[in-house]
2 protein chains.
Amino acid sequence: MTVHHVLELEQFLPYRLSVLSNTVSQAIAREYESRFALSITQWRVLAVLGRYDGIAAREVAQRTAMDKVAVSRAVAQLMKDGRVRRGTAEHDKRQSVLTLTEKGWKIYDEVAPLALEHERRLLAYLDADEQRWLSRILEKLWQAELQELGR
Amino acid sequence: MTVHHVLELEQFLPYRLSVLSNTVSQAIAREYESRFALSITQWRVLAVLGRYDGIAAREVAQRTAMDKVAVSRAVAQLMKDGRVRRGTAEHDKRQSVLTLTEKGWKIYDEVAPLALEHERRLLAYLDADEQRWLSRILEKLWQAELQELGR
DNA sequence: TGCAAATGGTTTCAGATGAAACTATAACGT
DNA sequence: ACGTTATAGTTTCATCTGAAACCATTTGCA
């Protein structure tokens with residue numbers, strides 16, 4: 001008789017991470033989509049530009065962990081919607097200089113507090129200890145991944 | 001002068017979860033794809049069937065947090081590859097009865113230990129305390145999400 | 001200086017994915 | 001028994017996404 005390995009999917013860390021993350025992201029995505037016609041990728045670009053206005057698409061990609069194709073597309077749509085403006089860098093004509101328009105800032109100022117509220121609501125399920133540990137653990141895994149990819 | 005909200009994307013929990021989860025999943029996906037011609041969705045189906053052989057597609061969907069369309073497609077491909085067999089339930093002819101073939105078991109027995117190894121490698125970045133807290137935190141958030149969706 | 005390689009960014013193509021429509025069967029209420 | 005409603009599963013269509021090809025510009029170096 002053959003005995004097989006036993007793997008309980010529900011207990012499997014990558015699976016749990018994935019399901020949790022997707023559930024959270026999708027809930028947020030649906031709201032942004034319906035209220036602001038804004039996809040998650042677009043929102044990430046906005047969020048980064050709200051913090052670092054005037055950077056190039058390349059830097060947006062780095063700071064959002066998105067690839068350059070995704071950034072290119074998100075920016076194209078954001079420009080079409082008049083939320084982002086694209087210029088060309090003086091010192092390097094390949095590079096773009098991305099800035100938020102008035103309209104872009106307006107959305108940003110609406111969505112940012114909403115995002116923080118989502119985060120608070122999620123964290124509210126955890127007590128103070130758990131929140132601290134989670135933050136620390138994510139930071140560690142994050143660093144580990146960065147290292148991994150750096151090779 | 002207008003002061004805008006400040007939202008540091010890198011510190012934003014849903015974002016961190018998403019990036020971490022995607023990085024982990026993609027690393028695993030690439031390996032399964034190249035070594036076994038197996039997508040993550042297909043792997044999840046295999047994993048559940050390895051544990052609960054003979055269940056219906058509907059139950060696979062529940063246990064994998066995938067929607068029924070995704071399950072249907074994964075099963076179709078797994079059948080084409082001769083890894084899964086589909087029968088019809090006696091008591092309800094709508095329901096399928098999904099079982100692993102010899103070939104399916106063979107893959108399962110290869111992939112399962114590999115999956116566990118991936119998990120170990122990820123957890124190795126954390127000390128024992130952190131591992132315990134992570135498990136507990138994910139469990140709590142998981143329950144919270146379930147509740148959320150149940151409404 | 002001039003040419004090969006690298007970089008920033010966009011486009012194209014092919015496969016993945018989700019929502020809604022659809023088919024078949026079963027359950028429910030009268 | 002019979003029509004309505006619900007459920008299991010598949011198919012279709014439109015959108016999303018990633019990989020690779022591509023263009024323009026810059027960098028590195030002989």
Side-chain angles (χ1 to χ4, degrees), chain A residues 18-19 21-23 25-34 37-45 48-49 54-80 84-99 149, chain B residues 18-19 21-23 25-30 32-34 37-45 48-49 54-81 84-99 149:
Chain A
S18 168
V19 173
S21 157
N22 287 341
T23 310
S25 289
Q26 274 175 30
I28 297 180
R30 247 185 280 274
E31 183 181 358
Y32 293 179
E33 186 59 52
S34 64
L38 192 68
S39 71
I40 287 284
T41 52
Q42 288 171 39
W43 158 240
R44 285 188 183 172
V45 172
V48 167
L49 291 181
I55 62 180
R58 201 193 111 272
E59 194 174 345
V60 172
Q62 278 176 201
R63 292 193 179 277
T64 54
M66 290 162 60
D67 70 16
K68 61 185 185 169
V69 178
V71 171
S72 173
R73 286 198 262 242
V75 167
Q77 186 60 48
L78 287 167
M79 282 176 48
K80 196 186 282 181
V84 163
R85 197 175 11 243
R86 174 173 50 202
T88 302
E90 280 302 319
H91 62 288
D92 185 341
K93 284 177 206 146
R94 290 171 307 177
Q95 288 190 23
S96 53
V97 175
L98 301 170
T99 48
L149 291 176
Chain B
S18 167
V19 173
S21 157
N22 287 341
T23 310
S25 289
Q26 274 174 31
I28 297 181
R30 246 185 280 275
Y32 293 178
E33 185 58 52
S34 64
L38 193 68
S39 71
I40 288 284
T41 53
Q42 287 171 41
W43 157 239
R44 284 187 183 173
V45 173
V48 166
L49 291 181
I55 63 179
R58 200 191 112 272
E59 192 173 347
V60 172
Q62 279 175 201
R63 292 193 180 278
T64 54
M66 291 161 60
D67 71 17
K68 60 184 187 169
V69 178
V71 172
S72 173
R73 284 197 263 244
V75 167
Q77 186 60 48
L78 287 168
M79 282 176 47
K80 196 187 282 181
D81 297 339
V84 163
R85 195 174 15 240
R86 174 173 50 199
T88 302
E90 281 300 320
H91 61 290
D92 184 343
K93 283 176 206 148
R94 291 171 306 178
Q95 287 189 25
S96 53
V97 175
L98 301 171
T99 49
L149 291 178

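For clarity, every value in this text was computed on a predicted model and none was experimentally measured. Order of the sequence lines sets the chain letters (A, B, ...), proteins ahead of strands, with each chain counted from 1.
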Nearest heavy-atom approach of B:Q95 to B:A56 is OE1-CB, 3.8 Å
Taking C:dT11, C:dA24, C:dT17 as options, the one with an atom nearest any side-chain atom of A:S72 is C:dT11
Contacts of B:D67 and A:R86 projected onto DNA chain C by closest heavy atom; the upstream (5') one is A:R86
Assign each of A:D92 and B:V97 the nucleotide of DNA chain D bearing its closest heavy atom; nearer the 5' end lies the nucleotide of B:V97
Of the listed C:dA20, D:dA8, C:dT11, the closest approach to the B:V69 side chain comes from C:dA20
The residue among B:L78, B:I55, B:T99, B:V75 that forms side chain to side chain contact (heavy atoms under 4.5 Å, CB included) with B:L49 is B:I55
Closest to the side chain of A:Q26, out of C:dG8, D:dG9, C:dG18, is C:dG18
Between CG of A:L98 and C1' of C:dT10 the distance, given in whole Å, is 14 Å
Does the side chain of B:S18 reach to within under 4.5 Å of the side chain of A:R44, using non-hydrogen atoms? yes
Numerically ordered, the residues 55-63 of chain B set in heavy-atom contact under 4.0 Å with DNA chain C is none
note: B:M66, atom CE; C:dG18, atom C1'; distance rounded to Å ~ 13 Å
Separation of D:dG9 atom P from B:L78 atom CG, nearest Å, is 15 Å
Exercise. Could you tell me whether the side chain of B:S96 and the main chain of B:A57 form a donor-acceptor pair under 3.5 Å?
Key: yes
| Heavy-atom donor-acceptor pair, A:T23 side chain to A:V19 backbone, under 3.5 Å | yes
Regarding the side chain of B:T41, the nearest nucleotide among C:dT17, D:dA19, D:dT25 is C:dT17
A:Q77 CD to C:dT10 P, in whole Å, measures 14 Å
Of C:dG9, D:dG9, D:dA20, the nucleotide closest to the side chain of A:S96 is C:dG9
note: B:R73, atom CZ; D:dC13, atom P; distance rounded to Å ~ 13 Å
Rounded to whole Å, the CD1-C1' distance (A:I40 to D:dT17) equals 15 Å
Atom NZ of A:K93 and atom P of C:dA6 are separated, to the nearest Å, by 23 Å
**Message:** What verdict does the side chain to side chain donor-acceptor pair (under 3.5 Å) test give for A:Q62 and A:R58, after you've listed the backbone C-alpha separation in whole Å, the side-chain angles of each residue and the deciding distance to 0.1 Å?
**Reply:** CA-CA 6 Å; A:Q62 278 176 201; A:R58 201 193 111 272; 2.9 Å; yes
Separation of D:dA8 atom C1' from B:E90 atom CD, nearest Å, is 16 Å
(Q) Are B:Q77 and B:K80 packed together at the side-chain level, in the sense that at least one heavy-atom pair is separated by less than 4.5 angstrom? (A) yes
| N/O donor-acceptor pair, side chain B:R94 with base D:dT7, under 3.5 angstrom | yes
